[in-house]
Amino acid sequence: MGAREAAVEPGMERAGHGSGQGAAAPDEGPVASHLLPATASVGADQSLSVGGVDLVTLAEEHGTPLFVYDEDHLRSRCAEAKEAFGEGTAYATKAFLCKAMARLAWEEGLWLDVSTAGELHVALSAGVPAGRLVLHGNNKSDAEIERALAAGVGKIVVDSHDELHRLERALGEAGGARHGGRNGGRTARVLVRVTPGVEAHTHEFVRTGQEDSKFGFGLASGEAGRAIERLCRMRGVEVVGVHAHIGSQVFRVESFAEEVEALAGFFSPLGLQELSIGGGLGVAYVGAEHAPSIAEWAMAVRGACRRAGIPEEVQVTAEPGRAIAATAGMTLYTVGTVKELPGIRTYVAVDGGMSDNPRPVLYGSGYEAFLPRCAAAPRPRAVRVVGKHCESGDVVVADARVPLSLEVGDVLATPVTGAYGYSMASNYNKVPRPEVVFVSGSTARVVVRREVEEDMVRLDV
Ligand code: LLP
């Protein structure tokens, strides 16, 4: 593990977010198999299939840009998380959410972490029982709290004193209206979000465990203790546990062990049933990166719990998002122009960009690119893959290596776009959001339809 981390961390520091830009020489061989979904396979003609479906044919039939998810990969990551951490483990829906994904995670035995009324609505619309949902968010509105109580969400993670006040008020109102009231006098099962004072090695935008944070109650300041005391006095509240989340795209499992150490002294004397360590496990985006598995992550966390004296019977849960969805998905684009600037660089423009993947612009994140029609081909040609938006920052892959044969009209794929791609997509420049398909057993099913131009005026009045 040590050597792997050493290979990864310098890249994260320089490029900002586990990206690989500048971390190591870009990979000129065929795209590395650990960046591809589990069922990816290269045929005799060198073309790539996922879930038994040929990607170039899929792009021809469904159009581009297209998000393609390997359903079997998603299911096996969910099952791995459930197996590794046990009951109560949740899928962090912010990574990628649509009704099909919500159902899939629930079918595989996970809870769902929702952090807004919108995510709550999608999960409920998918038929996921409210009792399997955990509501997050650092600024839950009255309406969100009331909606969650009315639906009967399984757990609420409280984040601030203002929110405690809102919860108290909502429960009071619901209790007062017990007969036919909104939550029927139900008890809210609550976890308290704390900031453990642990700085995860990741981009500062997605680092959340440090004291100086908008999230949660500080441990060192005593706020977390005060929140628990106040909750214990509140009617209609059952305090079930403590939650923390140190950040996202974290490669070092030791960071999570440090989190457990920081939490143990506070958590153990409370005698509560659940310790949620949040999400955050990193994934490899480029060939030179390697990330720990969910099982390795869980093992490190369990070891830290035992060392810190956290009793065996405590439910230690986690909320992976990226580790479940990222590698399961990839984006297919069509190459529209190839612009060679002698002595400068070559720009390959595709039919999407920062509207379907804002991560390169936001975090300087690196990706790889390859041609599914010749997935086993070497990629000696250095190009910059850009989108179709009206700004120079609209970069898809800053430092890509592609096969020499790349030409206009080719389907070009960027792997590992399954997390925080579609979920952060926008309509910038009124570019319609792509279609999303799940592939499995040699069939593709559309799970989110492609937006059309008429959708660009759907909300206009
Ligand atoms: N639990 C909580 C409370 C969270 O805030 C998050 C992510 C997760 C779980 C899931 O974290 P994951 O396992 O996916 O790392 N847009 C950024 C990532 C932001 C993550 C926010 N919170 C990106 O594209 O890298």
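Everything numeric here is computed off the predicted structure, so don't read it as measured data. Counting starts at 1 for both ligands and their atoms, in listed order.
- Within the 3.5 Å criterion, the main-chain N or O of Gly418 finds a donor-acceptor partner in the side chain of Tyr69.
- Proximity of Phe85 to Ile277: side-chain heavy atoms (C-beta onward) are separated by under 4.5 Å at one or more points.
- Screening residues 149-158 for salt bridge (Lys or Arg N to Asp or Glu O under 4.0 Å), with sequence neighbours left out, gives Lys155-Glu274.
- Around the NE2 atom of His161, the shell of radius 6.0 Å holds more than 12 heavy atoms that belong to other residues, nucleotides or ligands.
- Distances from ligand 1 to the non-hydrogen atoms of Gly280 include at least one value under 4.0 Å.
- Close approach of ligand 1 to Gly321 is summarised as follows: ligand atoms under 4.0 Å from at least one heavy atom of the residue are 12 (P), 13 (O), 14 (O).
- Residue contact check: Arg193 has heavy atoms under 4.0 Å from atoms 3 (C) of ligand 1.
- Counting the atoms of ligand 1 from 1 in the order shown, those under 4.0 Å from a heavy atom of Met424 are 16 (N), 24 (O).
- Listed by first and then second residue, the salt bridge (Lys or Arg N to Asp or Glu O under 4.0 Å) pairs that reach into residues 386-398 come to none, sequence neighbours excluded.
- With salt bridges taken as basic N to acidic carboxylate O contacts below 4.0 Å, none links Asp72 and Arg75.
- In the candidate list His136, Lys94, Glu319, Lys94 is nearest to atom 4 (C) of ligand 1, counting heavy atoms.
- At a 4.0 Å heavy-atom cut-off, ligand 1 touches Arg322 through backbone and side chain alike.
- In this structure, a donor-acceptor pair under 3.5 Å is present between the side chains of Ser355 and His389.
- By the criterion of a heavy-atom distance under 4.0 Å, the side chain of Tyr363, and not its backbone, is placed next to ligand 1.
- In this pair, Tyr422 and Phe67 present their aromatic rings perpendicular. The plane angle is above 60°, beyond the 30 to 60° band.
- Contact atoms of ligand 1 toward Gly279: 1 (N), 9 (C), 13 (O) (distance under 4.0 Å to a heavy atom of the residue).
- Listed by atom number, the atoms of ligand 1 under 4.0 Å from Arg359 heavy atoms are 23 (C), 24 (O), 25 (O).
- At a 4.0 Å heavy-atom cut-off, ligand 1 touches Ser248 through backbone and side chain alike.
- Under 4.0 angstrom from ligand 1, the non-hydrogen atoms of Asp113 all belong to its side chain.
- Proximity of the aromatic rings of His243 and His136 is defined here by a centroid distance below 6.0 angstrom, and this criterion is met.
- Taking a 4.0 Å cut-off on heavy atoms, Pro320 registers as neighbouring ligand 1.
- Here is the list of ligand 1 atoms found below 4.0 Å of a heavy atom in Ala92: 8 (C), 9 (C), 10 (C).
- Taking every heavy atom of His243 and a limit of under 4.0 angstrom, the matching atoms of ligand 1 come to 3 (C).
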